[in-house]
Amino acid sequence: MLTNRISVTYNMENIDSDFDIFRVEKANKDYYGCNILDSAIYEFKAVAVQWSFGATALVLFRKGDVTEREFKDSIMEEYKDVRIQKINVFDSEQCDKYFYYENRLLAQLLINSMRTPKFDAFMYNNLTGKLFYHEPSWSHKDKITGEINFIRFLEIVIDPGMYLNLEHRTFKRCNSAGAGLYVIDSKTGEFRKKLKTDVNVITYKKGSLPHNHFRVDNFDITDYAHFRKSKMGIMEHFLRDVKDNLSRYITIEMMEREDAKEFNISSLEKQGISEHQYGEILQKKGVVIVDENKSETSDDIVGRLKYELQTYYGIEASVGEVSPNAYNIRIIHDGGFYAENDIHDPHDDNFRGYIIQHMTEEAEHFTKSQGGSPAVKKIIQELIIKGDVRDKLISIFDWRRLDSGKEWAFVIRRKNKTEFRKSTEHTNDINKKVYSNYNYYRLKIDSNGELEFDTFCDGGQNDTEEWSKICYAYDFVEKRHRGAKNQVEGLVYSDIDNINVILLTREKTLPNITALMDTLKETDVKEKVQKEVLFKAIENFEIGYPDYVGNVVEWKSKLSEETELITKKTLKRVLNMRTGAASMFNRFLHEKYDIWIDGELRKEEFESTFQIGNLLNIKYEYNMNDYLDGKAFVYYVGAKSKKRSYPNACCMRKVISLGDHIIYEELLPLMAVEFVRNNQYTVLPFPYKYLREYMEQC
């Protein structure tokens, strides 16, 4: 199974021959408040910069461009508390100390040095220690002035453990002064850090955009163009760039792990909950539609919603005021409407204890295709879950199917917001001084599916032995995994002395992106085939496959009307790739004439080539030699079936035990449900959804 873990081979002789590497350290840890490395980038033309840890950075120069003394004197003219050290790449002790595990920061420093040709479809920018890929459609220009309001990138990151990841980054226009500002260079067009010499320029600052979520699909095989713009396509593009530009210094290979075991999802779980079954649950309380807007649009939404509830769920919804005993669907505007008009936002209304889900006028809720709308189905699922939390009983899932006979506990913690200047200093459960308190939220579920919620604050109340063990588990595991950037997502246990900890790792599963890129490029719809070659191939195919003579006659008739050069898009339409005859001819053409019309990427017979199955279903394995924890249970949750596009990556999660054994395999059925992520499996056992809902109501 392919993952994003990479193996990097270094040619230290060539690196030392062509480059000098300096380590820069500033004593007062205030890099981001100044442009301390400006002289490196713009006076001495450093090839690349890579931030290391705290107030340290690595700087890469072409061999002999600057001496250690020149570099140090230049910086110390303004910053007296800086230390400069030249690194010897043949000194393994220095490399381990400054480049970390498997010389990760050396690899990042070298890839940061890449420059893209101006004619390339993707730009990449060495943004003072960052390598960004950019596609022109990711920028937004003002329609009147033509100036860029915000610009987006995918940052190429090698995370601890040598995991190659692509992270979204957005920079929005910023008119205020301060640190951390960037500009688009008027001469080169590069996106770079703002210098003190930059005056009267448009500046940008990293930050998110309200009501404007940026997402690049993780994987899209609709065609070659879509794949190139997906994360997997850009990752392959990057790997080819490294091969073209840096092969003298490094070689990057994608690693494989043992194939994981697939969780056997029962036919009942695959079937999911029907609309009729959802309707039966809703019927117990009834549904009230509350129109807060009283507009023509909201009135139309009410009518269409009533129709869907009646037609697909068998529910006769009433229209009126919010009811304390019913499932309420409240129609309002989105947050942007209230912010722009400076009026009260009904999202903030206190309806604690009520079961309410909002629909906004601005969103598209109803589909034009046959059947119920997914957006309406999602609203219904949310309502039922909110009702279950209030009633402290699971109705959306038959808990007895778990058949464990145990009481299970699920725990999440959240950092408390503290008042300005208010001290929260205390010693946590691993005897470390900390300055924040945490609220812990726990859900206990007995063997009958009855729920019990409780909370605990680690700095504000005396802890019991059980809460002390929970706090210790969080603190201990977070400390151990901080360097690896593994995020604790929750705890689960049926025995307090055997707490299992769920960690989100930086590892992700991959298909064979190289094979996909090559095949999609070869079968690009814009590519053309000579009619003469095509007719010759059809005649030979007819001889070898006489059963398809009827199809051949039809193909010849349609293709005879085409020009001498026929696009593969036209060929796919004429051949009708959904038919068996077209598939056979496609493979015959590829084998005999080296012409590929359609990659047939989702066909099972090509699974070993493209490995799209690495993105599917629930798969797991036990790792008996985990480098941090000794023994771990590793799993991922993928899509339910093969599709053309997948918005999200398949992230590997790791479960470890602070007791004798890992119990997580027993909980896999709790992820094979589709009511948390509509029509997709959930990445954590669904009780965490109940717990998060409870946290929102606290």
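Quick note: numbers below take in every heavy atom, side chains included, and nothing from hydrogens, waters or symmetry partners.
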J.: State, to 0.1 Å, how close Ala639 and Gln680 come at their nearest heavy-atom pair, and which atoms those are.
T.: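 Of all heavy-atom pairs spanning Ala639 and Gln680, the closest is CA-OE1, 3.3 Å.
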J.: Check the orientation of Phe22 and Phe61. Use parallel for under 30°, tilted for 30 to 60°, and perpendicular for over 60°.
T.: perpendicular
J.: Please give me the minimum heavy-atom distance between Pro160 and Ala484, naming the atom from each residue.
T.: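 Looks like CB-CA, 4.0 Å.
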J.: Without hydrogens or angle criteria, can the side chains of Lys640 and Asn679 be said to hold a donor-acceptor pair below 3.5 Å?
T.: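 Side chains of Lys640 and Asn679: no pair found under 3.5 Å.
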J.: With a sphere of 6.0 Å drawn around CD of Glu253, does it hold more than 12 non-hydrogen atoms of other residues, nucleotides or ligands?
T.: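 Counting neighbours around CD of Glu253, 12 or fewer heavy atoms of other residues, nucleotides or ligands fall under 6.0 Å, so no.
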J.: Could you check Val24 against Ile84 for side-chain contact (heavy atoms from CB on, under 4.5 Å), going step by step and ending with a plain yes or no?
T.: CA-CA 5 Å; Val24 183; Ile84 309 292; 3.8 Å; yes
J.: Give the minimum heavy-atom separation between Leu246 and Leu110, together with the two atoms involved.
T.: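 Closest pair (atom of Leu246, atom of Leu110, distance): CD1-O, 3.5 Å.
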J.: For the residue pair Glu155 and Leu166, establish whether any side-chain heavy-atom pair is separated by less than 4.5 Å.
T.: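 No, side chains not in contact.
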J.: Hey, what's the ring geometry for Phe219 with Tyr646, parallel, tilted or perpendicular (30° and 60° as the breaks)?
T.: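 Judged by the thresholds at 30° and 60°, the geometry between Phe219 and Tyr646 is tilted.
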J.: Return yes if some donor-acceptor pair links the side-chain N/O of Lys378 with the main-chain N/O of Val676 below 3.5 Å, else return no.
T.: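 Yes, the answer is positive, given that a donor and an acceptor are paired below the 3.5 Å cut-off.
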J.: Would you mind checking if Asp220 and Lys229 are paired as a salt bridge, meaning a charged N to carboxylate O distance below 4.0 Å?
T.: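 No, this pair does not count.
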J.: Is the backbone of Ala48 close enough, under 3.5 Å, to the side chain of Ser113 for a donor and an acceptor to pair up by distance?
T.: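 Pair absent, no side-chain N/O of Ser113 close to backbone of Ala48.
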J.: Does the pair Leu154 and Glu135 meet the rule for a side-chain contact (heavy atoms from CB on, under 4.5 Å), with working shown?
T.: CA-CA 9 Å; Leu154 285 178; Glu135 202 274 329; over 6 Å; no
J.: Applying salt bridge (charged side-chain N to carboxylate O under 4.0 Å, His left out) to Glu167 and Arg506, what does each step give before you reach the verdict?
T.: CA-CA 11 Å; Glu167 305 290 352; Arg506 303 299 293 168; 2.2 Å; yes
J.: Do Phe19 and Arg62 have side chains that approach each other closer than 4.5 Å (heavy atoms only, starting at C-beta)?
T.: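 Side-chain contact under 4.5 Å: yes.
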J.: Can you tell me how far apart OG (Ser139) and CD1 (Ile184) are? Round to the nearest 0.5 Å.
T.: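 It is 7.0 Å, given to the nearest 0.5 Å.
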J.: What distance do Thr509 atom OG1 and Met1 atom CE have between them, rounded to the nearest 0.5 Å?
T.: 6.5 Å
J.: With no hydrogens and no angle check, is any side-chain donor or acceptor of Asn614 less than 3.5 Å from a backbone partner on Pro511?
T.: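 Not at all, since once roles are kept as given, no pair shorter than 3.5 Å links the two residues.
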J.: Hey, does the side chain of Thr505 reach the backbone of Met652 with a donor-acceptor pair shorter than 3.5 angstrom?
T.: yes
J.: For the side chain of Asn245 and the backbone of Asp241, is there at least one donor-acceptor N/O pair under 3.5 Å apart?
T.: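 Yes, because the side chain of Asn245 sits within donor-acceptor range (under 3.5 Å) of the backbone of Asp241.
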J.: Mind running side-chain contact (heavy atoms from CB on, under 4.5 Å) on Lys97 and Arg23 for me, showing each step along the way?
T.: CA-CA 11 Å; Lys97 185 176 181 180; Arg23 180 176 180 268; over 6 Å; no
J.: Less than 3.5 Å apart, any donor N or O on the side chain of Asp629 or His481 sitting next to an acceptor on the other?
T.: yes
J.: Which word best sums up how the rings of Phe150 and His140 line up, parallel for under 30°, tilted for 30 to 60°, or perpendicular for over 60°?
T.: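 Ring orientation of Phe150 relative to His140: parallel.
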J.: Is there a donor-acceptor pair under 3.5 Å between the side chain of Asn512 and the backbone N or O of Gln611?
T.: no
J.: Above 12 or not: heavy atoms from other molecules or residues under 6.0 Å from NZ of Lys63?
T.: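 Enclosed: over 12 neighbouring heavy atoms sit under 6.0 Å from NZ of Lys63.
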J.: At what distance, to the nearest 0.5 angstrom, does CG of Leu575 lie from NZ of Lys568?
T.: 12.0 Å
J.: Can you tell if the side chain of Val216 reaches within under 4.5 Å of the side chain of Trp138, non-hydrogen atoms only?
T.: yes
J.: With distance as the sole test, does Tyr10 use its side chain to make a donor-acceptor pair with the main-chain N or O of Asn103 at under 3.5 Å?
T.: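 Confirmed, Tyr10 side chain pairs with Asn103 backbone.
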J.: Could you tell me whether a side-chain N or O of Glu607 sits under 3.5 Å from a main-chain N or O of Gly613, the two making a donor and an acceptor?
T.: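 Yes, the answer is positive, given that a donor and an acceptor are paired below the 3.5 Å cut-off.
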J.: Glu507 and side-chain contact (heavy atoms from CB on, under 4.5 Å): which single residue from Met255, Arg653, Arg257, Lys654 fits?
T.: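 Exactly one option meets the side-chain contact (heavy atoms from CB on, under 4.5 Å) with Glu507, and it is Arg257.
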J.: Once rounded to the nearest 0.5 Å, what's the spacing between atom OG1 of Thr519 and atom NE2 of His590?
T.: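 With rounding to 0.5 Å, OG1 (Thr519) is 7.0 Å from NE2 (His590).
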J.: Examine distances only and state if a side-chain atom of Gln50 and a backbone atom of Leu105 form a donor-acceptor pair shorter than 3.5 Å.
T.: no
J.: What's the shortest heavy-atom distance between Pro647 and Asp217, and which atoms?
T.: CA-OD1, 3.6 Å
J.: Taking the side chain as C-beta and beyond, is there a heavy-atom pair between Leu534 and Trp555 under 4.5 Å?
T.: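 When only atoms from C-beta onward are counted, Trp555 and Leu534 do not touch, as no gap falls below 4.5 Å.
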J.: Compare all side-chain heavy atoms of Val47 with those of Leu109 and state whether any distance is below 4.5 angstrom.
T.: no
J.: Would Arg240 and Asp518 count as a salt bridge (charged side-chain N to carboxylate O under 4.0 Å, His left out) if you check the C-alpha gap in whole Å, the side-chain angles of each, and the deciding distance to 0.1 Å?
T.: CA-CA 12 Å; Arg240 296 185 186 206; Asp518 290 340; 2.7 Å; yes
J.: Could you list all the side chain to side chain donor-acceptor pair (under 3.5 Å) pairs where at least one residue sits in residues 521-532, not counting sequence neighbours?
T.: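 Listed by first then second residue: nothing to list.
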J.: Under 6.0 Å between ring centres, would you say that holds for Phe263 and Tyr620?
T.: no
J.: Working to the nearest 0.5 Å, report the span between CD1 of Ile158 and CG of Leu106.
T.: 9.5 Å
J.: Check for a donor-acceptor pair, side chain of Ser17 on one end and backbone N or O of Glu13 on the other, with a separation under 3.5 Å.
T.: no
J.: Are the side chains of Ile21 and Val89 in contact, using a 4.5 Å heavy-atom criterion?
T.: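 When only atoms from C-beta onward are counted, Ile21 and Val89 do touch, with a gap below 4.5 Å.
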J.: Rounded to the nearest 0.5 Å, how far apart are CG of Leu520 and CD1 of Ile513?
T.: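 Answer rounded to 0.5 Å: 12.0 Å.
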J.: Would you tell me whether Glu600 and Ser583 have side-chain atoms, one donor and one acceptor, within less than 3.5 Å of each other?
T.: yes
J.: What verdict does the side-chain contact (heavy atoms from CB on, under 4.5 Å) test give for Met235 and Leu510, after you've listed the backbone C-alpha separation in whole Å, the side-chain angles of each residue and the deciding distance to 0.1 Å?
T.: CA-CA 11 Å; Met235 180 180 285; Leu510 301 179; 4.0 Å; yes
J.: Between Glu102 and Arg5, is the salt bridge (charged side-chain N to carboxylate O under 4.0 Å, His left out) condition met? List the steps.
T.: CA-CA 12 Å; Glu102 294 191 6; Arg5 189 171 189 275; 3.3 Å; yes
J.: Would you call the rings of Phe132 and Phe153 parallel, tilted or perpendicular if under 30° counts as parallel and over 60° as perpendicular?
T.: tilted
J.: Looking at every non-hydrogen atom in both residues, tell me the closest pair between Ile221 and Lys643 and how far apart they are.
T.: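 Answer, listing the atom of Ile221 first, then Lys643: CD1-O, 4.1 Å.
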J.: Quick one, Ile202 and Ile148 - any side-chain contact, counting heavy atoms below 4.5 Å?
T.: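 No; the side chains remain at least 4.5 Å from each other.
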J.: Please name the pair of heavy atoms, one in Lys619 and one in Glu262, separated by the smallest distance, quoted to 0.1 Å.
T.: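 So the two residues come closest at CE-OE1, 3.6 Å.
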J.: Any side-chain heavy atom of Leu239 sitting closer than 4.5 Å to one from Leu164?
T.: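 Yes - at least one pair of side-chain heavy atoms lies under 4.5 Å apart.
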J.: What do the steps show when you test Tyr204 against Phe171 for ring-ring contact (aromatic ring centres under 6.0 Å, His included), and what is the final call?
T.: CA-CA 6 Å; Tyr204 300 86; Phe171 293 82; 8.3 Å; no
J.: Which residues satisfy the side-chain contact (heavy atoms from CB on, under 4.5 Å) test with Asn218, sequence neighbours excluded?
T.: Lys231, Met232, Ala649
